[in-house]
Amino acid sequence: MPNQNPEQIARDNIDRQLIACGWIIQSKSKINLNAGIGVAVREYSTEVGPADYVLFVDGKPVGIIEAKREEEGHKMTVHEDQAEDYATAKLKYLNNEKLPFVYLSTGEVTTLTDFRDPKPRGRNVFTFNRPETLRNWLKKTKSVRAALQDLDNLPEDGLRDCQINAITNLEKSFKQNKPRALIQMATGSGKTFTAITSVYGLLKLKDDNNNNVVRRILFLVDTKNLGEQAEQEFMSYLPNDDNRKFTELYGVHRLKSKHIPDDNHVYISTIQRLYAVLKGQDLDESAEEENPNEKWQPKEVPPVEYNEKLPIEFFDFIVIDECHRSIYNLWMQVLDYFDAFQVGLTATPDARTIAYFKQNMVSEYSHEMAVADGVNVGYDVYLIDTKITQQGATLWKGEYVEHRERLSRKKRLELQDEDENYSAQQLDKDIVNPNQIRLVIRTFKEHLPQMFPDRYDKDGNFEVPKTLIFAKTDSHADDIIQIVREEFNEENRFCKKVTYKANEDPKSVLAQFRNDYHPRIAVTVDMIATGTDVKPLECLLFMRDVKSRNYFEQMKGRGTRVINFDDLKKVSPCAKVTKDHFVIVDAIGVTKSLKTDSRPLEKKPGVPLKDLLGAVTVGARDEDLFTSLANRLTRLDKQITEKEKKQFEEKSGGISLSTVVKDLLNAYNPDTVEAIEQKVREEKRGEAPVVIDAEINQRLELLRNQAAKVFTGELNEYIENVRKAHEQKIDLLNPDELVNVGWDKDNKDKANETVTAFKEWIESHKDEIVALQIFYGQPYRRRELTFTMIKDLVDKIIQEKPTLAPMSVWRAYEQLENVSGQPKNEMVALVSLIRKVAGIDATLTPYDKTVDRNFQQWILKKNAGQHNRFSKEQMDWLYMLKEQIATSVHIEADDLDYTPFDAKGGRGKMWQLFGDEMETIINELNEALAA
C-alpha cells in the first residue's frame, strides 16, 4: 500500500532522492553492506535510539540522515542537536568515531553539516551527495572549508593594488565560510585576471598528505562570446610563481554539448547550457549568443532536476561573470542546484545584485577610482543634436513615399494618402530618414578634428580614431555603414558591421578592429556592447538610446581600456601620445535620458516574439509562454504566403506551422494532461504517490520538450525575419537641421577641476623638485633644465596623479580658454603648462612654438648690424639645435654625437663650422630659447 502519512511521504521523497544519487536503501533486518559503494540503512540502532538512516560507504559508517515531515521545513535548526546526537552516538555492534556527514531532510528541504569543517554549520543543499563523493572527501585529511584556512601568502608580483585587495578580501570571506561574495571592479581593471588568480590559488590547496582539496571550479557566463574570451584568458594566464601556463598545470574545458567530462579542473559554460543539461535538453548554440535575462521570463519557473552525471557537488566554487545580469528568476536555480561557493564579478552591481550576494561585497573599485589610479581612462562628452532626432517629422499627404522591404531592400513608390506624423522613437524602425543619419555622420566627421586635434599625419591628412557606433537594429546598422563610407569618402574596409547577423565572421571583423588599421569605424547592435576588449577604441558614437543604467555603463566600458603607446601606434599611427581619455559622441540624448536599474521583463502581451522564441530555445516550458507563442504563430500563419510556409517546413524538418501551433497548445491541453495521468495511474497501480507523480511529470515534460524541439536558432531567425512588417517607409522629403553641436557643458566643470588640481600640485611641489624651482626662479636659470629633469617630472606626475597627465591637463585648458596649437609630446606639453602656471606665458602655447618665436628673435639679434651673419650650412645646424631644444628642452655638446647630428658629421662638424663659438652658441640657445 502507498505511504500516506506525512512522515512516510517525506521518507518516500528521501528514498527517491537517495536512489537517484546512487545509494542502495536497505532495512536494518536485511543489511548487505557489500551490495554497493553506498548503502543507506533505515532505522539503524544507536545508543540513543534508532537513526532514520545511517549511511555506509565501502562498508563503513560515514553519516546519518534525520528525516522530518515536510511541515517541519521552516524550523530545521530545532532538530540539529538531535541529528548530531545520532552522529555522535555509538552504532549497534560498532565502536565508531563521530560520523562526519549529518543531513536533515524533509524530502523537500535538505541541509548538510560537515563536522570536518572548522566551525561546522548546516547549509541548504539541493539533494544528497553521492557515495563516491563521500568516499573521496574522506580520503583527504581536510574538508574544503578546513583547507581554506590555509589560504595565505598571495604572490603579489604583477598584480595591481585593486586586484590584491579583491583577492585578499575574497580569501577572508572564504575563511569565514561565507557562501557568496561579490567582486565589484571597474571595466578594464582586470576582473577576469583577478578571478583566474584566485582560481589558481584555490586549485593549489593541499591537505596534510599533499592531495588536492579543490577538484573543480565553474566559470559561468551568459553569452558564448564571454565564454570564448574567458577560455582565451585561462589559456594565456601565466602564474607568477610558476613558469608554466595555467592550462599546462590544470585542465580547462568549455562546455559545448550535453557531455561533461569529469577529468578537468576548470569548466566554462553559459548559464543557458547548464540549465539545459539539468533539464535533460539539447541547446542550440544560437541560444548562447545573447544575455538570456533580457528575454522572456515565465510566471512559474519549471524546476531543474537532479542529473547523476552532474551531481550537486560537481563544482566546489562557481565564479559568475557579469553577475548583475543573468542569475535571477529562471536561471537562479542553476546556482541553487550546486553545493558550491559563489563569487560574482561585475563592474556595475545594482541593489538586486548586492542583495543576492548577501551584501558581502569584498571589493569596491569604481570607474572613478580606476581613472585616478591610471587603470582606466576617463571620457569627455560631445553632443550632436538634430531636429528630427529630437522631434521626428511628418510624411505629407499627396507625396510619393519610398517603401523598402527590410530584408531584400527592394524599393517601390507609393502615394501617401494621409498626413503621417512619426516620432523620434519610430526612427530607424518603421521609418528611416537617411537625411537624419547623414547629418549626424557628416557633423561627426566635420568635428572629429576638434575632438582629436593631434591626429594629422605629416601630409596634413586626418586619421579617424578607432570608433564604435551603437545602432538600433541590424537594418539601422546597414544604413549607417553606407552613409559613413559615403561621407568619409572611404572604401568598404573603412567601416564594418560587427554583430551576430553580419555576413562576415564577427570574430574576424572584431579581431581586425582590435589589431589592424582597418576598419577605422565599427558599427554594432549588441555584440560588443559588453564584455569585449578593444583597447585602441577612442570614440563611442551613440545613435541608439539605452534605458538601463547597467547596460549603459557596460557600453561606456568599451572605451575605458588603457593601452600602451606602442600598441596604440600599431593601429593608429598618427597618435602623438598614449590613450589618456575617450570621447562619447552623443547623437541621441543617451547621456541625458533617464536611466533605471535593469529589471527582468514581466509577462505582458508586448513581449517581442523574438524573446518568446529565445525562451523556448533555452528550455523555458511555461504554460503562458507556450500559449503566447501559439497565439503569435497562429496570427503569423494567416499573414505569410504559401511560399513562405514551405520555407518554414524546410527549416523545421518537415513540420508545418499549423502543426507546431497544435503541438504547443496540446502540451498543456487539460484533456491531454488528464489522459496521461490516467494512463500512468493504471500502469503504476499500487505504487507510492511520489513515484506516480514523478512518472506523470516525466511524461508531461517529454511531451513539452517534443513540442519545443522544433525551435532552433535557424528557424527562430526565419520566423523573426518573416514575421516583421515587410516594409519600412523611407523619408526622403524632410531634410534635418543641426540644433546643437559641441562639448557638453559638464565637461567644463570637469576641466576646471583638472586645471585647479594641476595648479595645486605644481604649487605644492615647486620648492622640492629642482625642475620646478628653475621655472619659478630667475629667467637665466631655465638654461639649466635638462631632458632628464622634465622626463622624471612627467613620470612623477603620472605615477602620483594619473588624471593630471600633461595631455589631460592640456585638453582641460582647451575647454576653458583659447589655446594655440598642439604639443608634440607629453614633455613639450608639461613644459608649456608649467610656463603657463608659473606666469611665464599669458596664453597656453606649445613649447615648440615658444622656442620657434625665441629662435627668430635670437637670429634677428645676431644679424643686427650685419646681414646674414650665418651661412646656409650654419643655419641648417642652428635649426637642428633649435628642434632638439623644442622637443628635449635642453641640448649639450655630448648630444651632438647622436641622432640627428651624427648623420651630419656630429660634434666635429659643428666645431668645423663654428669653431670657438660652438660652446657659446649652445649656451646662448639654451638660455634664449627657454626665455
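In Glu248, the CD atom is crowded: over 12 heavy atoms of neighbouring residues, nucleotides or ligands sit closer than 6.0 Å.
Here the options are Glu228, Arg254, Arg273, Glu233, the test is side chain to side chain contact (heavy atoms under 4.5 Å, CB included), and the partner is Ile268; only Arg254 passes. Checked against Asp150 for a salt bridge (charged side-chain N to carboxylate O under 4.0 Å, His left out), the options Lys142, Lys206, Lys204 give a single hit: Lys142.
Atom OG1 of Thr127 and atom CD1 of Ile312 lie 6.0 Å apart (nearest 0.5 Å). The CD1 atom of Ile31 sits 12.0 Å away from atom CG of Asn34, with the distance rounded to the nearest 0.5 Å.
Judged by distance alone, the side chain of Asn209 and the main-chain N or O of Asn211 form no donor-acceptor pair under 3.5 Å. The closest donor-acceptor contact from the side chain of Arg244 to the backbone of Leu249 lies at 3.5 Å or more, if one exists at all. For Gln17 (side chain) and Gly107 (main-chain N/O), a donor-acceptor pair under 3.5 Å exists by modelled atom type. Side-chain N or O atoms of Glu108 include none that pairs as donor or acceptor with a backbone N or O of Glu70 at under 3.5 Å. Using modelled atom types, no side-chain atom of Gln82 and backbone atom of His79 make a donor-acceptor pair closer than 3.5 Å. In this structure, Asp52 contributes its side chain and Glu66 its backbone to no donor-acceptor pair below 3.5 Å. At least one donor-acceptor pair under 3.5 Å links the side chain of Lys175 to the backbone N or O of Leu151. Within the 3.5 Å criterion, the main-chain N or O of Val214 finds no donor-acceptor partner in the side chain of Asp316. Under a 3.5 Å cut-off, the side chain of Asp350 and the backbone N or O of Arg352 do form a donor-acceptor pair. Panel note: side chain Gln163, backbone Arg160; a donor-acceptor pair is recorded below 3.5 Å.
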With salt bridge (charged side-chain N to carboxylate O under 4.0 Å, His left out) as the test, would you mind laying out the steps for Arg180 and Asp336 before giving the verdict?
CA-CA 12 Å; Arg180 297 177 186 173; Asp336 287 344; 3.8 Å; yes
Please evaluate residues Arg215 and Glu313 with respect to the criterion salt bridge (charged side-chain N to carboxylate O under 4.0 Å, His left out), reporting the C-alpha separation (whole Å), side-chain torsions for both, the decisive distance (0.1 Å), and the verdict.
CA-CA 10 Å; Arg215 298 163 308 150; Glu313 63 272 24; over 6 Å; no
Kindly indicate, with the supporting measurements, whether the criterion side-chain contact (heavy atoms from CB on, under 4.5 Å) is fulfilled by Phe128 and Ile14.
CA-CA 9 Å; Phe128 303 100; Ile14 291 170; 3.8 Å; yes
Trace of the side-chain contact (heavy atoms from CB on, under 4.5 Å) decision for Val125 with Thr111:
CA-CA 6 Å; Val125 288; Thr111 67; 6.0 Å; no
Under the criterion salt bridge (charged side-chain N to carboxylate O under 4.0 Å, His left out), I'd like the reasoning laid out for Asp15 against Arg42: C-alpha separation, chi angles, the key distance, then a yes or no.
CA-CA 10 Å; Asp15 287 356; Arg42 291 196 197 98; 2.7 Å; yes
After noting the C-alpha distance and the side-chain angles of Asn264 and Arg216, does the key distance pass the side-chain hydrogen bond (donor to acceptor under 3.5 Å, both in side chains) rule?
CA-CA 7 Å; Asn264 285 277; Arg216 302 184 198 96; over 6 Å; no
Show, in sequence, the C-alpha distance, side-chain angles and deciding distance for Leu182 and Val362, and conclude whether the side-chain contact (heavy atoms from CB on, under 4.5 Å) test is met.
CA-CA 6 Å; Leu182 179 61; Val362 297; over 6 Å; no
Criterion salt bridge (charged side-chain N to carboxylate O under 4.0 Å, His left out) on Glu701 and Arg699, from CA distance to verdict
CA-CA 5 Å; Glu701 186 170 355; Arg699 293 196 192 180; over 6 Å; no
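Classification of the Trp137-Phe101 ring pair by plane angle, with boundaries at 30° and 60°, yields tilted.
Side-chain contact between Pro120 and Arg145 is absent, with no heavy atoms from C-beta onward closer than 4.5 Å. Taking the side chain as every heavy atom from C-beta outward, Asn212 and Leu205 never approach each other to under 4.5 Å. The shortest distance between side-chain heavy atoms of Ile260 and Lys309 does not fall below 4.5 Å. When side chains are defined from C-beta on, His367 does not count as touching Thr187, because their heavy atoms never get closer than 4.5 Å. Leu238 has its side chain out of reach of Phe246: every pair of non-hydrogen atoms, C-beta onward, lies at least 4.5 Å apart. By the 4.5 Å heavy-atom criterion applied to side chains, Phe126 and Asp339 are not counted as neighbours. Within the 4.5 Å cutoff, the side chain of Arg135 has heavy atoms near those of the Asp58 side chain. Ile167 has its side chain within reach of Thr194: a pair of non-hydrogen atoms, C-beta onward, lies under 4.5 Å apart.
With 3.5 Å as the limit, one finds no donor-acceptor pair spanning the side chains of Ser363 and Gln184. Side-chain contact annotation: Gln342 with Tyr356, donor-acceptor N/O pair under 3.5 Å present. A donor and an acceptor atom, one from each side chain of Ser143 and Asp117, are located under 3.5 Å apart. Thr133 and Asn136 share no side-chain donor-acceptor pair at under 3.5 Å. Between the side chains of Lys224 and Gln229, no donor N or O sits under 3.5 Å from an acceptor N or O. Side-chain atoms of Glu72 and Thr106 form no donor-acceptor pair, as typed in the model, at a separation below 3.5 Å. A donor and an acceptor atom, one from each side chain of Lys90 and Asn96, are nowhere located under 3.5 Å apart. A donor-acceptor contact under 3.5 angstrom links the side chains of Tyr200 and Asp241, judged on distance only. In this model, a donor atom of one side chain and an acceptor atom of the other lie less than 3.5 Å apart for Tyr103 and Asn129. One side chain, Asn165 or Asn169, offers a donor N or O that lies under 3.5 Å from an acceptor on the other. Of the N and O atoms on the side chains of Ser173 and Asn360, at least one donor lies less than 3.5 Å from an acceptor on the other residue.
Ion pair Arg11/Glu43 flagged as a salt bridge, since at least one NZ, NE, NH1 or NH2 atom sits closer than 4.0 Å to an Asp/Glu carboxylate oxygen. Between Glu84 and Lys98 there is a salt bridge, since a side-chain N of the basic residue sits under 4.0 Å from a carboxylate O of the acidic one.
The heavy-atom pair separating Gly22 from Pro131 by the smallest distance is O-CG, 3.6 Å. Scanning all heavy atoms of the two residues, the minimum distance from Lys68 to Ala10 falls at O-CB, 3.4 Å. Pairing each heavy atom of Phe315 with each of Ala340, the nearest pair is O-CB, 3.3 Å.
Residues Tyr44 and Phe56 bring their aromatic ring centres within 6.0 Å. In this structure, Phe234 has its ring center closer than 6.0 angstrom to the ring center of Phe219. Two rings, from Tyr53 and Trp23, have their centers 6.0 Å or more apart. Between Phe314 and Tyr267, the distance from one ring center to the other falls under 6.0 angstrom.
The side-chain hydrogen bond (donor to acceptor under 3.5 Å, both in side chains) check on Tyr237 picks up Thr197, with sequence neighbours excluded. Residues that satisfy the ring pair (Phe, Tyr, Trp, His ring centres under 6.0 Å) test with Phe341, not counting sequence neighbours, are Phe174, Phe317.
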